[in-house]
Amino acid sequence: MPELPEVEHVKRGLSPKIIGEIITGVHFSEKVTAGKSSGKQTIIKGTDLETFERNIIGSTIKALDRRSKYLIFTLENEWHEHYIISHLGMSGAYFVVDQLEDIGIPNYINHWHVAVHLQSGRQLIYSDIRRFGELRYIERLEEATQIMAIAPEPFDDEALDYYLTQLTASKWQGRTIKEAIMNHSVVSGCGNIYACEALHLARINPNKTVKRIGRAKRIELFQAIVHVLNEGIKYGGSSISSYRNVEGKEGFMQTRFNIYGRKICATCGGPVSQKVIATRNTHYCTHCQK
DNA sequence: TCCGCGCCCCGGCCGC
DNA sequence: TGCGGCCGGGGCGCG
């Protein structure tokens, strides 16, 4: 599933293919059309399909940015800048193709949901097998309340101080460190897989409560989070369950994992413990992580 | 007003 | 080989 490194790759792959393009039309799959007409918010959130198309048609795609696991498409027409905020959910993927079949992967062809037609004749396709993802049109970035509330990007200078400050809040003291770092108000974009890897790298048992971890160890953990996220970006993201980049290729970060999804700890060779922590399947090594 | 819990959305895939 | 049940990011309703 797409986490921060995967979304970063989508951004990098997509940007050169779509920036400067003018949107000439939008088509939606039958699933989206049916879902929306039955009152659900199928993929297209906040507006009806006609409004979504009317709002973006004729606009130029000026920029593509990533914030946490969200993509932000900046559009511009003769009146103003406006935006599409997109989350890939569990199984979302973007492609830029001349025609749908060029995606080449049957599941992503069958489960296409939004086709944004571009002036060049190509299409920006959003495919999503489980339909947990979203595209949301907004006039102003301030409307993206779910993005405004999240911590700074982990790579930003202020992110460490922000994280340390958040961890001092009373609500976190009795909770597990894993739950804390997976919360977007503490660290931005650290999902389950990278949380497991970072805790392993920092040699912290994920069951440990926040109050039992000192400042130096907290800092070490933050640096581990930044490290594993950077590794994830470097190795093309991980392709546990269905992630594909813009070229339809899998990442290979999953071959670099030291603890997640493994039976044997990559550090000591001991057995990996598995347990649900903070509602998520957690892998850790009781020998290496104290 | 804020918080936390449970539910919901879905199809792949695991295990019986 | 068939099928029931589990998984999971994030929004939302409710207590």
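Small disclaimer: the values here were computed from a predicted structure and weren't measured. Every chain is numbered from 1 and lettered A, B, ... according to where its sequence line falls, protein lines coming before strand lines.
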Within this structure, what is the [atom1]-to-[atom2] distance between [X] and [N], rounded to whole angstrom?
X: A:R130; N: C:dG8; atom1: CZ; atom2: P; answer: 9 Å
X: A:K69; N: C:dG11; atom1: NZ; atom2: C1'; answer: 14 Å
X: A:Y108; N: B:dG12; atom1: OH; atom2: C1'; answer: 11 Å
X: A:Q41; N: C:dG9; atom1: CD; atom2: C1'; answer: 16 Å
X: A:I150; N: C:dG11; atom1: CD1; atom2: C1'; answer: 14 Å
X: A:I44; N: C:dG11; atom1: CD1; atom2: P; answer: 16 Å
X: A:I129; N: B:dC13; atom1: CD1; atom2: C1'; answer: 12 Å
X: A:M90; N: B:dC9; atom1: CE; atom2: C1'; answer: 11 Å

With heavy atoms under 4.0 Å as the rule, sort [X] into base, sugar-phosphate or nothing.
X: A:N281; answer: sugar-phosphate
X: A:N192; answer: nothing
X: A:K40; answer: sugar-phosphate

Would you please confirm or rule out a distance under 4.0 Å between OP1 or OP2 of [N] and any side-chain N or O of [X]?
X: A:R131; N: B:dG11; value: yes
X: A:H87; N: C:dG10; value: yes
X: A:N107; N: B:dG12; value: yes
X: A:H111; N: B:dG12; value: yes

Item to check | Nucleotide nearest A:K31 (side chain, heavy atoms from C-beta), chosen from C:dG10, C:dG9, B:dG11 | outcome: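 Minimum distance to the A:K31 side chain belongs to B:dG11.
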Checklist entry - Would you say the side-chain atoms of A:E8 pair up with the backbone N or O of A:R66, donor to acceptor, closer than 3.5 Å? => result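 No, the answer is negative, given that no donor and acceptor are paired below the 3.5 Å cut-off.
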Item to check | Sidechain-backbone polar pair: A:K36 side chain, A:I44 backbone, donor-acceptor under 3.5 Å | outcome: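 Yes, because the side chain of A:K36 sits within donor-acceptor range (under 3.5 Å) of the backbone of A:I44.
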Item to check | Among A:Y126, A:Y94, A:Y137, the one residue meeting ring-ring contact (aromatic ring centres under 6.0 Å, His included) with A:F73 | outcome: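 Among A:Y126, A:Y94, A:Y137, the one that satisfies the ring-ring contact (aromatic ring centres under 6.0 Å, His included) with A:F73 is A:Y94.
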Next on the checklist: Working note: A:L124 + A:L14, criterion side-chain contact (heavy atoms from CB on, under 4.5 Å); need CA distance, chi angles, decisive distance, verdict.
Outcome noted: CA-CA 9 Å; A:L124 171 63; A:L14 217 45; 3.8 Å; yes
Item to check | Face-to-face contact A:F132 to B:dC9 six-ring, under 5.5 Å, under 30° | outcome: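 Here the ring of A:F132 and the base of B:dC9 are stacked, with centres under 5.5 Å and planes under 30°.
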Next on the checklist: Under a 3.5 Å cut-off for both contacts, is C:dG9 paired Watson-Crick or G-U wobble with anything, and if yes, with which nucleotide?
Outcome noted: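 When the pairing criteria are applied, B:dC9 turns out to be the nucleotide that pairs with C:dG9.
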Item to check | Output field: ring centroids A:H283/A:Y260 closer than 6.0 Å | outcome: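 Under 6.0 Å, so yes.
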